[in-house]
Amino acid sequence: MIANIAYVKSVMGELKAKKKFGQNFLIDANIVDRIAKNACDPSCKTIEIGPGLGALTEMLLKYSKAVDAYEIDKDMYELLLSGIQDERLTVYLTDFLDADLSIYKEPLHVCANLPYYVTTPILFKLFESGLDLRKITVMVQKEVADRLSAKVGSEDYSALSIEVQYLYDVKLEMNISRSVFYPSPNVDSAVISFSPKRERDLSFEKGFFELVKNCFRMRRKTLHNNLKDLFDIETIEKIYETCGLKENVRAQELSLDDFLKIYEVVR
Ligand code: SAM
């Protein structure tokens, strides 16, 4: 079993967990088993981001048809390949943000204990990939989990919250104590899952998400200020009139429906 402290310490030897890659290894096999069982489907391949020593990979293989894992750190890549011999496992030594996901044509599941420093770009990449992702299950810092389910008007409400609301039903699967990691991080974590709630329409989404990100570009500024680099004054007036917006409204005060109405006007 890879998810235990004795194994982790013995294979790491002189190596130190690398903070710059957000390395905190899972050392509680029961928790890892529960996460994997809930995240996978035996008829589907699972993509894992940041397999590290393979604590989660081992359990994903138990519950999936096959696993493709993307690891940025050569040390981890080598330890993983020497720790797990399974022909259903493919490991890519690459930054997931550079990975070419167009190789996937089939339905997939995603499961990862995400490196905290790059959580948001990884989630954007997955959400905007256009892949047929039947379920995405990720472990993230508790505060990121809160941000993903942030409500209109709250400090945490962002372009990511809108994308998530538009595409997925989000579920908090479990809270995770910092004691199940080695080394132990300074914050608690949570496992959340995303299940698609609509048919994808990629060309619509591309324009819509770009608009939403632009509206949040300068959070402290009014919506008007963020829109004025994108559209002429007539279009902006039409947006305010059609959508019944207050003059000084900011992006974080607008609901998903408001953004959809704005997009209808500018499309
Ligand atoms: N999955 C292992 C576990 O749960 O024990 C390790 C999780 S650790 C929080 C994050 C892992 O992601 C590390 O192995 C780290 O090297 C890897 N990683 C960090 N940035 C990455 C990136 N941009 N692309 C792929 N892997 C990355």
Side-chain angles (χ1 to χ4, degrees), residues 1-12 15-40 46-64 67-84 86 89-101 103 109-126 129 136-145 173-193:
M1 207 73 84
I2 295 175
N4 81 78
I5 186 70
Y7 178 87
V8 172
K9 283 189 168 169
S10 78
V11 293
M12 289 291 282
L15 272 181
K16 292 260 178 296
K18 297 183 183 92
K19 271 201 179 137
K20 68 169 179 177
F21 289 143
Q23 289 177 355
N24 298 98
F25 305 109
L26 282 161
I27 50 168
D28 183 323
N30 288 325
I31 289 201
V32 181
D33 192 275
R34 261 174 63 200
I35 296 169
K37 192 170 182 179
N38 200 30
C40 302
T46 301
I47 293 184
E48 184 185 8
I49 301 132
L53 298 169
L56 184 56
T57 322
E58 182 180 52
M59 304 292 187
L60 295 176
L61 283 162
K62 187 167 151 193
Y63 298 110
S64 313
V67 173
D68 279 11
Y70 290 85
E71 175 57 59
I72 198 170
D73 180 10
K74 190 152 186 286
D75 290 329
M76 291 300 119
Y77 171 81
E78 282 165 4
L79 288 172
L80 175 65
L81 288 180
S82 61
I84 302 181
D86 188 323
L89 171 65
T90 307
V91 188
Y92 297 93
L93 176 58
T94 181
D95 181 337
F96 180 71
L97 295 177
D98 297 331
D100 173 14
L101 302 183
I103 58 171
H109 284 225
V110 173
C111 185
N113 171 15
L114 288 178
Y116 69 93
Y117 76 99
V118 75
T119 299
T120 303
I122 288 177
L123 288 176
F124 271 125
K125 174 158 180 155
L126 288 169
S129 66
I136 302 172
T137 306
V138 285
M139 191 184 295
V140 293
Q141 290 187 353
K142 186 79 180 66
E143 62 173 65
V144 177
E173 299 285 354
M174 59 182 109
N175 286 312
I176 303 279
S177 140
R178 60 191 80 181
S179 66
V180 307
F181 300 97
Y182 176 82
S184 173
N186 295 327
V187 290
D188 288 321
S189 301
V191 176
I192 44 177
S193 67

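When a ligand or atom number is given, it counts from 1 through the structure's own listing order. The chain is numbered in sequence order, starting from 1. Note: hydrogens, waters and symmetry copies are ignored here, and every other heavy atom, side chains too, is used.
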Select one of side chain, backbone, both or neither to describe which atoms of [X] lie under 4.0 Å from any atom of ligand 1, heavy atoms only.
X: Tyr116; answer: neither
X: Pro51; answer: backbone
X: Phe21; answer: both
X: Leu53; answer: neither

Protein residue, atom and distance nearest to [atom], heavy-atom basis:
atom: atom 21 (C) of ligand 1; result: Ile72 CG2, 3.6 Å
atom: atom 16 (O) of ligand 1; result: Glu71 OE2, 2.6 Å
atom: atom 13 (C) of ligand 1; result: Gln23 CG, 3.6 Å

Relative to the heavy atoms of [X], which atoms of ligand 1 are at a distance of less than 4.0 Å?
X: Asn24; value: 7 (C), 8 (S), 9 (C)
X: Thr94; value: 24 (N), 25 (C)
X: Gly50; value: 1 (N), 2 (C), 6 (C), 7 (C), 11 (C), 12 (O), 17 (C), 26 (N)
X: Asn113; value: 3 (C), 4 (O), 7 (C), 9 (C), 10 (C)
X: Asp73; value: 16 (O)
X: Glu48; value: 1 (N)
X: Tyr117; value: 19 (C), 20 (N), 21 (C), 23 (N)
X: Gly22; value: 8 (S), 9 (C), 10 (C)

>> Keeping Ser184 on the side-chain end and Phe181 on the backbone end, is there a donor-acceptor pair under 3.5 Å?
In response: no
> Taking Asn175 for the side chain and Ala190 for the main chain, is one N or O donor matched with an acceptor at less than 3.5 Å?
Replying inline: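 Flag not set: sc Asn175 to bb Ala190 has no pair under 3.5 Å.
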>> Is it the case that ligand 1 has an N or O less than 3.5 angstrom from some N or O of Pro115?
In response: no
> Among side-chain atoms of Tyr63 and Asp33, is any donor-acceptor pair under 3.5 angstrom?
Replying inline: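 Tyr63 vs Asp33: donor-acceptor pair found between side chains.
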> Hey, what do you get for NZ (Lys62) to CG (Leu60), rounding to the nearest 0.5 Å?
Replying inline: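 Answer rounded to 0.5 Å: 11.0 Å.
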> Just how far is it from atom CZ of Phe25 to atom CE of Met12, taken to the nearest 0.5 Å?
Replying inline: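 Phe25 atom CZ to Met12 atom CE measures 4.5 Å (nearest 0.5 Å).
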>> Could you check whether any heavy atom of Lys18 sits closer than 4.0 Å to an atom of ligand 1, since that is the contact criterion I want to use?
In response: no
> Hey, are Glu78 and Lys74 close enough for a salt bridge, meaning a charged N less than 4.0 Å from a carboxylate O?
Replying inline: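 Counted as a salt bridge, because a side-chain N and a carboxylate O are separated by less than 4.0 Å.
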